[in-house]
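Okay, structure first, notes after.
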There are 2 protein chains.
Amino acid sequence: MPTSLSKIKEDFTQGLSQISRFWGFPKGMGAIFAVLYLSPTPLSLDEIVRETGLTKGAISTEIRALARMGLVHRSTKLGDRKDYYEAETDFYAAIRSILKERQNSEFDRAIRSVKETLAALDENWVENEEWQFVYARVQALQDFFDAIDSLGKAVIRLESLGVVNVQKILSVLK
Amino acid sequence: MPTSLSKIKEDFTQGLSQISRFWGFPKGMGAIFAVLYLSPTPLSLDEIVRETGLTKGAISTEIRALARMGLVHRSTKLGDRKDYYEAETDFYAAIRSILKERQNSEFDRAIRSVKETLAALDENWVENEEWQFVYARVQALQDFFDAIDSLGKAVIRLESLGVVNVQKILSVLK
DNA sequence: TACTGCGTTTAGTAGTTACTAAACGCTCAT
DNA sequence: ATGAGCGTTTAGTAACTACTAAACGCAGTA
């Protein structure tokens with residue numbers, strides 16, 4: 001017995017909702033993106049209301065967040081007062097946009113605080129065991145963050161290279 | 001005017017708390033890890049109470065989560081009924097452990113649901129435009145997840161390769 | 001046996017979050 | 001002007017989360 005296409009779409013939307021929630025975003029955000037992503041044409045706010053069951057207000061605020069992240073784009077038709085929204089399909093571009101958006105966020109300030117700890121330790125150099133121990137540990141954490149950061153920057157360049165290059169990276173790491 | 005080492009430690013702990021919260025974990029979890037990470041010796045539960053200001057109960061539950069993730073290790077001394085905890089310093093090992101722990105989590109089930117959508121589409125093949133469109137989009141998302149997954153697996157091998165190799169990767173991508 | 005010192009579990013709570021419902025303001029058409 | 005049709009903002013709420021305080025269980029010891 002075949003499953004209907006609309007049922008499949010619902011399941012897909014459900015999946016993206018959970019993924020969204022896992023990453024700390026509202027699940028509605030994932031649902032909105034899913035609906036747009038599976039639509040061949042840009043959708044109006046009311047159409048999204050119909051597809052997701054959310055209210056206009058919620059969608060309005062969440063779609064603004066999605067747009068800031070570069071995951072959806074807003075467009076208009078001439079002689080039509082509605083806004084229309086469509087999903088970004090280049091995920092690497094979206095990631096780059098998200099990371100840029102995040103630039104001055106809580107996250108980066110937190111990461112930076114580790115670097116500041118290191119600086120504070122430098123300025124208050126004392127020649128004792130505890131100091132040396134703390135310094136080494138904080139330094140090690142900083143190195144780790146730097147490594148992750150470098151890799152992150154590498155990832156967001158994948159778009160211009162094509163996914164095939166992932167294999168190249170893996171072969172380097174072998 | 002020099003800052004005291006204990007003040008520096010506090011700031012560091014504060015920073016890790018925020019990082020922890022950003023990743024969707026309780027901020028207390030970050031604080032506990034920070035305290036352990038900056039301690040040259042394993043600490044007892046009561047010592048962690050003293051350093052963090054949290055209650056035993058909270059620390060008890062959160063340290064269990066940290067242990068599951070491989071971020072802290074529990075040990076005991078002979079003839080001492082206390083447990084002692086210390087931080088994992090090999091972050092790549094910790095990441096590997098976290099990903100393993102996550103294996104059957106909500107996240108993986110969600111990711112898997114995309115693959116299931118693809119399978120459902122395969123089983124209900126119909127030769128029309130909408131079907132083809134949806135199939136192509138879901139396939140593209142799946143490809144993206146696969147690429148990220150490959151990179152993730154690459155990252156957790158960095159430990160055995162040394163951070164230098166990050167430069168190698170970057171040069172490949174250049 | 002009772003006591004002491006552990007870690008754990010549980011009940012309750014303050015704060016946060018993801019929403020809804022509805023008022024609002026803006027822009028265009030009449 | 002007035003009204004209709006948009007998106008946005010706001011006030012309120014139900015559900016959830018990260019904690020606290022305190023009871024609990026379970027050793028080893030006197």
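Letters A, B, ... are given to chains in the order of the sequence lines, protein chains preceding strands, and every chain is numbered from 1.
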message: Base contacts versus sugar-phosphate-only contacts with protein, heavy atoms under 4.0 Å: please encode nucleotides 6-19 of chain C as B, S and - from 5' to 3'.
response: SBBB--------SS

query: Is B/Arg50 salt-bridged to B/Asp46, cutoff N-O under 4.0 Å?
result: no

query: Within the distance-only criterion (no hydrogens, no angle test), does the side chain of A/Ser39 pair as donor or acceptor with the backbone N or O of A/Pro42 below 3.5 angstrom?
result: no

- prompt: Which class fits the ring pair B/Tyr92 and A/Phe144: parallel under 30°, tilted 30 to 60°, perpendicular over 60°?
  reply: perpendicular

- prompt: Within this structure, what is the CD1-to-C1' distance between A/Ile48 and C/dT20, rounded to whole angstrom?
  reply: 17 Å

message: Are B/Phe33 and B/Tyr85 an aromatic pair, judged by ring center distance below 6.0 Å?
response: no

- prompt: Tell me: CD1 of A/Ile59 to P of C/dA22, nearest whole Å?
  reply: 17 Å

message: Ring centres under 6.0 Å, that's the criterion: do B/Phe91 and B/Tyr37 meet it?
response: yes

